[in-house]
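Below: the structure, in structure tokens.
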Amino acid sequence: QVHVVDSGGGLVQAGDSLRLSCAASGPTFSSYALGWFRQAPGKEREFVLAISSGGNTYYADSVKGRFTISRDNAKNTVYLQMNSLKPGDTAVYYCAVPRSFYRDDYAPIDVTAYEYWGQGTQVTVSS
């Protein structure tokens, strides 16, 4: 069982930055791929970014150039740095760990590949 806790959301203005954190339990954290997803009211949960165990990153087109993902294996933590935030980024953001292990250069972007989810953290961007 993997326990995931995400945090760092808040209310910001358009153009501001915010950093979300995701802490995941387990002695094999360095072997996990991890993903960030978001869900806006009335919409499906959508992929935002993912990072492989080896540090390869995957981005949704909507956040390329604005969001970055990084990991600190010593702290069992993944970070989502969000810059140039837009009102359209308003959503609950979720960190997740896949149910399977993958090779170190790959992380899935399909929400169905993920088994362990954080509780979600609200990000609200005002115009």
Side-chain angles (χ1 to χ4, degrees):
Q1 185 73 18
V2 178
H3 186 54
V4 181
V5 178
D6 36 43
S7 61
L11 171 63
V12 297
Q13 293 188 327
D16 284 352
S17 298
L18 204 59
R19 189 177 81 159
L20 307 184
S21 299
C22 169
S25 64
T28 56
F29 177 86
S30 62
S31 300
Y32 302 155
L34 292 109
W36 282 98
F37 295 79
R38 66 186 181 186
Q39 188 165 17
K43 294 189 176 181
E44 304 249 329
R45 192 167 298 189
E46 65 174 6
F47 168 74
V48 181
L49 307 97
I51 187 166
S52 72
S53 60
N56 291 67
T57 55
Y58 301 79
Y59 295 83
D61 287 344
S62 59
V63 305
K64 277 182 182 175
R66 300 189 299 122
F67 291 12
T68 57
I69 186 172
S70 61
R71 63 190 299 158
D72 184 341
N73 289 337
K75 296 182 178 179
N76 279 25
T77 301
V78 168
Y79 302 100
L80 171 55
Q81 178 66 43
M82 304 185 293
N83 299 326
S84 302
L85 281 160
K86 305 175 181 179
D89 296 318
T90 295
V92 178
Y93 284 70
Y94 298 90
C95 179
V97 175
R99 66 175 57 84
S100 303
F101 288 99
Y102 296 89
R103 66 179 194 267
D104 63 4
D105 62 348
Y106 176 76
I109 65 172
D110 187 338
V111 65
T112 62
Y114 288 79
E115 176 84 8
Y116 307 101
W117 293 84
Q119 78 284 3
T121 184
Q122 176 71 47
V123 173
T124 303
V125 185
S126 64
S127 57

(message) Please give me the minimum heavy-atom distance between P108 and A50, naming the atom from each residue.
(response) O-CB, 3.8 Å
(message) Hydrophobic cluster membership, with links at side-chain heavy-atom distances under 4.5 Å among I/L/V/M/F/W/Y: are F37 and Y79 in one?
(response) no
(request) Compare all side-chain heavy atoms of L34 with those of F29 and state whether any distance is below 4.5 angstrom. (result) yes
(request) Calculate, to the nearest 0.5 Å, the distance between atoms OG and OH belonging to S53 and Y102 respectively. (result) 11.5 Å
(request) Measure the CG-CZ distance between N83 and F67 for me, rounded to the nearest 0.5 Å. (result) 8.5 Å
(message) For the OH atom of Y106 and the OG atom of S52, what is their distance to the nearest 0.5 Å?
(response) 11.0 Å
(message) When you measure from the side chain of R66 to the backbone of Q81, do you find a donor-acceptor pair of N or O atoms at a distance under 3.5 Å?
(response) no
(message) According to a hydrophobic-cluster definition based on side-chain heavy atoms being under 4.5 Å apart (Ile, Leu, Val, Met, Phe, Trp, Tyr only), do V4 and I109 belong together?
(response) no
(request) Look up atom CG in L18 and atom CE in M82, then write down how far apart they are to the nearest 0.5 Å. (result) 4.5 Å
(message) If I compare all heavy atoms of Q122 with all of T90, which pair ends up nearest, and what's the gap?
(response) NE2-CG2, 4.1 Å
(message) I want to check something: taking the side chain as every heavy atom from C-beta on, are Q119 and V5 in contact at a cut-off of under 4.5 Å?
(response) yes
(message) Tell me whether I69 shares a hydrophobic cluster with Y32, the cluster being built from Ile, Leu, Val, Met, Phe, Trp, Tyr side chains joined at under 4.5 Å.
(response) yes
(request) Please confirm whether the backbone N or O of D72 pairs with a side-chain atom of T77, one donor and one acceptor, at under 3.5 Å? (result) no
(message) Is there a continuous path of hydrophobic side-chain contacts, each under 4.5 Å between heavy atoms, that joins V78 to Y116?
(response) yes
(message) Distance to the ring centre below 6.0 angstrom and angle to the axis at most 45 degrees; does that hold for R45 and Y94?
(response) yes
(request) Supply the atom-to-atom distance L49 CG to Y58 OH, rounded to the nearest 0.5 angstrom. (result) 12.5 Å
(request) Taking the side chain as every heavy atom from C-beta outward, state whether T28 and F101 have any pair of such atoms under 4.5 Å apart. (result) yes
(message) With heavy-atom distances below 4.5 Å as the criterion, would you say the side chains of F47 and W36 are in contact?
(response) no
(request) For A14 and S127, work out which heavy atoms get closest and say how close. (result) CB-CA, 4.4 Å
(message) Determine whether a donor-acceptor pair (N or O, by modelled atom type, separation under 3.5 Å) exists between the side chain of T121 and the backbone of G9.
(response) yes
(message) With clusters defined by side-chain heavy atoms of hydrophobic residues (ILVMFWY) lying less than 4.5 Å apart, directly or transitively, does Y93 cluster with Y59?
(response) yes
(message) Closer than 3.5 angstrom, by distance alone: can the side chain of T124 be matched with the main-chain N or O of L11 as a donor-acceptor pair?
(response) no
(request) Starting at OG of S70, measure out to CD1 of I51 and round the result to the nearest 0.5 Å. (result) 6.5 Å
(request) Can you sort out the partners of R38 under salt bridge (Lys or Arg N to Asp or Glu O under 4.0 Å), two or more places apart, ordered by chain and number? (result) E46, D89
